[in-house]
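One structure is given here, and the rest of the page talks about it.
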Amino acid sequence: MTEPASEDSAGLTLEAAAAPEPTFGYRRLTRPKRRFSVVTAPTYSLWDGGDHLLQLHNEGYRESCRRLYYRDIQAITCKPTNLRRNLNLIFSAVFITPMLLIVWGAALSEAEDILSVLLFFGVPWAVLVLCNTLLGPSCVCHVHTAVQSEELRGITRLRVARRVLRAVRAAAENVQGPLAPEDAAARMAEWAGPDRGAAAAETEPVRFSMGPFHEAAFWALIVFGGVHAFAARYPEIIRHSILIYIPFLAVACLFVAALIHQRRTTIPRSLQRFTWVAFIFICVVSFVFKGYLLFPFWSFLNPEAEPLDALRGSLPASADRIVLNSISAICAIPLGVWGLFSVYTYRRSASARAGSGPEPARGE
Amino acid sequence: MILDPLICSRCKTRLPETMVNLDAFAECPSCGGAVGVTVFPALFHREGRTEGRPAMDDESTCYYHESKRAEVICDGCGRFLCRLCDIEVRGDHLCPTCIETALSRKSAPELESQYTHYDQIALTLAILPLVILPCAVFITSPLAMYYAIRHWRTPQSAVPRRKWRNCLALFFGIVGLAGGMVMAGFFALAMSGAFE
């Protein structure tokens, strides 16, 4: 314990007051990572300050910092997120949708320079998706203390997280002492008792569901594919696409209901993901290839046309319609069959578990 | 908000306790994502710092809590402090008043949490008018030079920060001012008909 200061009774010692420059060294752990918000794009970086972890937040001309002392750190977690997948979806929506629209419009007007359109949109999309994929899986890291759970916003990728958390773990163990996995597991089981597990857990109650909406949606998808197959085989019977709009609307509504229903249920993650895939497929096929969005584009090219003529004119020619209906049928029917197979497999396993004993609820 | 470290952030299922403190990342049993959980002895410490021990009759008491026993002496002002009032900073034991005073006087860099990048402001003032609005160089260049010189020694970050921005701001400020004066002289001569 140092001697109390006598000259300056209302502050630190005079030596510290005369040297405002920081005198301790910092070791950089991450490069500045930009996170986008509504207005600004602040950057975050992590530094090792010897006895604490420093998180810098730079926004414009201001910098703020948060110090997390290693002696206070109770836990460090790194958990997966869907950032990489979501970014790929956004890039695809931003680049592929206008590219398909313009290519389709160019094909309607028998334009020849489609390759340049494909390159103009396709190359940036490919570069962005490739870079995003090569950066590796995305994750979120938190440092937990007694009073806070601080997100390390400078880390969004697993590759960086491994390196940084190795250094942070070594520094914290240097201060607090290591904890072997077996000892940690035993103490965690004791720490996360029934009271703390019920009070501190983030999980919401999970409902048991046999997937009735999923079954109906996949059956509707098979019917949807069947209607398209019929339209491809007998195009003269189904002249107006309005007769295909109705099955599409029914399928879309059922899938939306299934997607809403499947949240916080016992339906397996694989089936939930497959439901999303099927729903996106329906949207892509029906909206992009069926000319629903081409209507305003065609109207722009033919401003003198009547609206109904514009609607008919924006639809693809009969030969193209046969091809599109065939593609829709070829894709929709197997998706529906596989979806039904997944639903019935889940139901069989759920019934078997129910017969063998009470199903353990998730979160315990 | 304090999060439960054993909850997977993607699928919100509870992770088994056997997944903590492993050398490598493990897979979440529900969603398959890579998960790493490391816990430290501080998590299991029951004894907290929020309570000070009550003082007996013959014991020294805390300056701020008369019923609490004094544990340490403040290294800044010499007052007696209980466990609740003791704030340890870089090995020094300080009271909340000394902390607040040090922050107001900016004499404790290890306690600072907000900085302004004056060097970046100076550089922006020096470069931007040269690109966008050259006629404003007579205002922005002196301002840039002032910021660069006035805040040369001001701490502008919690981590060491090089002075190249200040140097560039001075350079572009001088160049901008000199160039503006040359152009002003040229226009003055042209207006006076010296080139006819």
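Any value given below was found using the heavy atoms of this structure, including those in side chains, with hydrogens, waters and symmetry copies removed. Within every chain, numbering begins at 1; the chains are lettered A, B, ... in the order of the sequence lines, protein sequences first and strands thereafter.
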### B/Tyr63 atom OH, neighbour heavy-atom count above 12 within 6.0 Å
no
### Task
Side-chain contact test, heavy atoms from C-beta onward, threshold under 4.5 Å: evaluate it for B/Thr116 versus A/Arg62 and give yes or no.
yes
### Query
Measuring from B/Glu88:CD to A/Asp51:CG, what's the distance to the nearest 0.5 Å?
9.5 Å
#### Entry: Heavy-atom neighbours of A/Arg163 CZ exceed 12 at 6.0 Å
yes
### Between CD on residue A/Gln176 and CG on residue B/Leu43, distance to nearest 0.5 Å
9.5 Å
### Query
Taking the side chain from A/Glu63 and the backbone from B/His117, do they hold a donor-acceptor pair closer than 3.5 Å?
no
### Message
For A/Leu158, which atoms come within 4.5 Å of any heavy atom of chain B: side chain, backbone, both, or neither?
### Response
side chain
## Note on the structure
Okay, A/Arg166 and chain B: the region with an atom under 4.5 Å from a heavy atom over there is neither
### Query
More than 12 non-hydrogen atoms from neighbouring residues, nucleotides or ligands closer than 6.0 Å to CZ on A/Phe274, yes or no?
yes
### Task
Kindly give the heavy-atom pair with the smallest separation between B/Asn21 and A/Leu179, and that separation in Å.
ND2-O, 2.9 Å
### Query
Contact part of A/Leu54 toward chain B, heavy-atom cut-off under 4.5 Å: side chain, backbone, both or neither?
side chain
### B/Glu112 versus chain A, the contacting section by heavy-atom distance below 4.5 Å
backbone
### Summary
When the 4.5 angstrom heavy-atom criterion is applied to A/Glu173 and chain B, the contacting part is both
### Task
Measure A/Asp183 against the heavy atoms of chain B and call it side chain, backbone, both or neither at under 4.5 Å.
neither
### Query
Where is the tightest heavy-atom contact between B/Val20 and A/Ala184, given as atom of each residue plus distance?
CG2-CB, 3.7 Å
### Message
So for A/Pro137, is it side chain, backbone, both, or neither that comes closer than 4.5 Å to the heavy atoms of chain B?
### Response
neither
### Query
Between atom NE2 of A/His144 and atom CZ of B/Phe40, what is the distance when rounded to the nearest 0.5 Å?
11.0 Å
### Message
With chain A as the partner, which of B/Leu22, B/Val35, B/Thr38 has the greatest number of non-hydrogen pairs under 4.5 Å?
### Response
B/Thr38
### Query
What's the spacing between A/Trp47 CH2 and B/Ser157 OG if we round to 0.5 Å?
7.0 Å
